[in-house]
Protein chains: 2
Amino acid sequence: MHCKQSNTRWLPTRDQIRILKELYDDKGVKCPTVEQVQRITLQLKWYGEIENKNVFYWFQNQRAREKLKNNKLTSDVQVPK
Amino acid sequence: MHCKQSNTRWLPTRDQIRILKELYDDKGVKCPTVEQVQRITLQLKWYGEIENKNVFYWFQNQRAREKLKNNKLTSDVQVPK
DNA sequence: TGTCTATGAATGAATG
DNA sequence: CATTCATTCATAGACA
């Protein structure tokens, strides 16, 4: 454990991010159930401090921001008359 | 510090939050009836813009998130004794 | 060091 | 009531 951060917010480790993205992008886990979140959290604990709510928020934010990006992209193509 | 927000969604004032929490935590008002919601809304109007549905949603969210927290998201890994 | 960006966190609103 | 979406606040890290 290299960087013990003071009790601020969760800072995901590289491995945690890698695994989360694998789940989201490759395995299509976009919207895990609470039980899945718990399992994922357990798995990610191996790589560093993490709580259920961190995982919960991570997926929520992924979905929200993926949608935002898509909307932005598609709206860019729209040429206002 | 209440910056003027765009008139999208309800932003509870500190006083409104304080009163709502008093009701919920101290007075045990977890699931107010429609009439209670109306009375609460009237009371809270003194402190700022608010509608019945804001109060309704507030209690609904409180219940949902309290339950989430207790059941799932906050629970540490239970180490069997 | 101030500003900016990415993103963790929070919550009002809404849907299933 | 459980779950998800939309939007905003907060802040760590990058950069100048």
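A note on names: the letters A, B, ... follow the listed sequences, proteins ahead of strands, and every chain is numbered from 1.
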Novice: What nucleotide among D/dT3, D/dT11, C/dA13 has an atom nearest to a side-chain atom of A/V34?
Specialist: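 It is D/dT3.
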
Novice: Can you tell which of D/dC5, C/dA6, D/dG13 lies closest to the side chain of B/R65?
Specialist: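 Minimum distance to the B/R65 side chain belongs to D/dC5.
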
Novice: The side chain of A/T8 lies closest to which of these nucleotides: D/dA12, C/dG8, C/dG12?
Specialist: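 Within the option list, the nearest is D/dA12.
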
Novice: From OH of B/Y57 over to C1' of D/dC5, roughly how many Å is that when rounded to an integer?
Specialist: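 My rounded result for the distance is 12 Å.
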
Novice: So, applying side chain to side chain donor-acceptor pair (under 3.5 Å) with A/Y24, which one of A/R63, A/Q62, A/E66 is it?
Specialist: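 Only one option passes, and that is A/E66.
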
Novice: Write down the distance between CG (B/L20) and C1' (C/dT11), rounded to a whole number of angstrom.
Specialist: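 Computing the B/L20:CG to C/dT11:C1' distance gives 13 Å.
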
Novice: Assess whether one donor atom and one acceptor atom, taken from the side chain of B/N54 and the base of C/dA13, lie less than 3.5 Å apart.
Specialist: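 Donor-acceptor pair under 3.5 Å: no.
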
Novice: Between A/Y47 and A/I19, is any pair of side-chain heavy atoms under 4.5 Å apart?
Specialist: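 SC-SC contact between A/Y47 and A/I19 confirmed.
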
Novice: Check whether any side-chain heavy atom of A/I40 sits under 4.5 Å from a side-chain heavy atom of A/L20, and report yes or no.
Specialist: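 Counting from C-beta outward, A/I40 and A/L20 do come under 4.5 Å.
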
Novice: Measure the distance from NZ on A/K21 to C1' on C/dT7 and round it to the nearest whole Å.
Specialist: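 Going from A/K21 (NZ) to C/dT7 (C1'), I get 11 Å.
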
Novice: Taking the side chain as everything from C-beta on, heavy atoms only, tell me whether B/D15 gets closer than 4.5 Å to B/L44.
Specialist: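 In short, these two side chains do not touch, never coming nearer than 4.5 Å.
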
Novice: Could you tell me whether the side chain of B/Q16 reaches within less than 4.5 Å of the side chain of B/W58, counting heavy atoms only?
Specialist: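 They are not in side-chain contact.
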
Novice: Please determine if B/E22 and B/R18 form a salt bridge, counting it only when a charged side-chain N lies under 4.0 Å from a carboxylate O.
Specialist: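 Between B/R18 and B/E22 there is a salt bridge, with a charged N closer than 4.0 Å to a carboxylate O.
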
Novice: Within the structure shown, what part of the strands sits under 4.0 Å from A/R63 by heavy-atom distance: base, sugar-phosphate, or nothing?
Specialist: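 Sugar-phosphate contact only.
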
Novice: The side chain of A/L11 lies closest to which of these nucleotides: D/dA12, D/dT3, D/dA6?
Specialist: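 Nearest listed nucleotide: D/dA12.
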
Novice: Write down the distance between CG (A/N61) and C1' (D/dA10), rounded to a whole number of angstrom.
Specialist: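 For the pair A/N61 CG and D/dA10 C1', the rounded distance is 12 Å.
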
Novice: Is there a side-chain contact between B/K53 and the phosphate of C/dG12, meaning an N or O under 4.0 Å from OP1 or OP2?
Specialist: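 Answer is no, no contact under 4.0 Å.
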
Novice: Under 6.0 Å from the CD atom of A/Q60, do we count more than 12 heavy atoms belonging to anything else shown?
Specialist: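 Enclosed: over 12 neighbouring heavy atoms sit under 6.0 Å from CD of A/Q60.
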
Novice: Which dot-bracket notation, 5' to 3', represents the base pairing of DNA chain C when pairs are defined as Watson-Crick or G-U with both distances under 3.5 Å, crossing pairs as [ ], and inter-strand pairs as |?
Specialist: ||||||||||||||||

Novice: Using whole Å, report how far CD of A/Q60 lies from C1' of C/dA9.
Specialist: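 Checked: the CD to C1' distance equals 10 Å.
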
Novice: OP1 or OP2 of D/dC1 less than 4.0 angstrom from a side-chain nitrogen or oxygen of B/K67, does that happen here?
Specialist: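 For B/K67, the contact criterion (side-chain N or O under 4.0 Å from OP1 or OP2 of D/dC1) is not met.
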
Novice: Round to the nearest Å and state the distance from B/L44 atom CG to C/dG12 atom P.
Specialist: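 It is 13 Å, rounded to the nearest whole Å.
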
Novice: Calculate the interatomic distance between A/F56 atom CZ and D/dT3 atom P; express it in whole Å.
Specialist: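 Nearest whole value for this atom pair: 9 Å.
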
Novice: For B/W58 and C/dT11, what is the distance between atoms CH2 and P respectively, to the nearest whole Å?
Specialist: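 Spelled out: CH2 on B/W58 to P on C/dT11 is 10 Å.
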
Novice: Would you please confirm or rule out a distance under 4.0 Å between OP1 or OP2 of D/dT4 and any side-chain N or O of A/K30?
Specialist: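 No, outside the criterion.
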
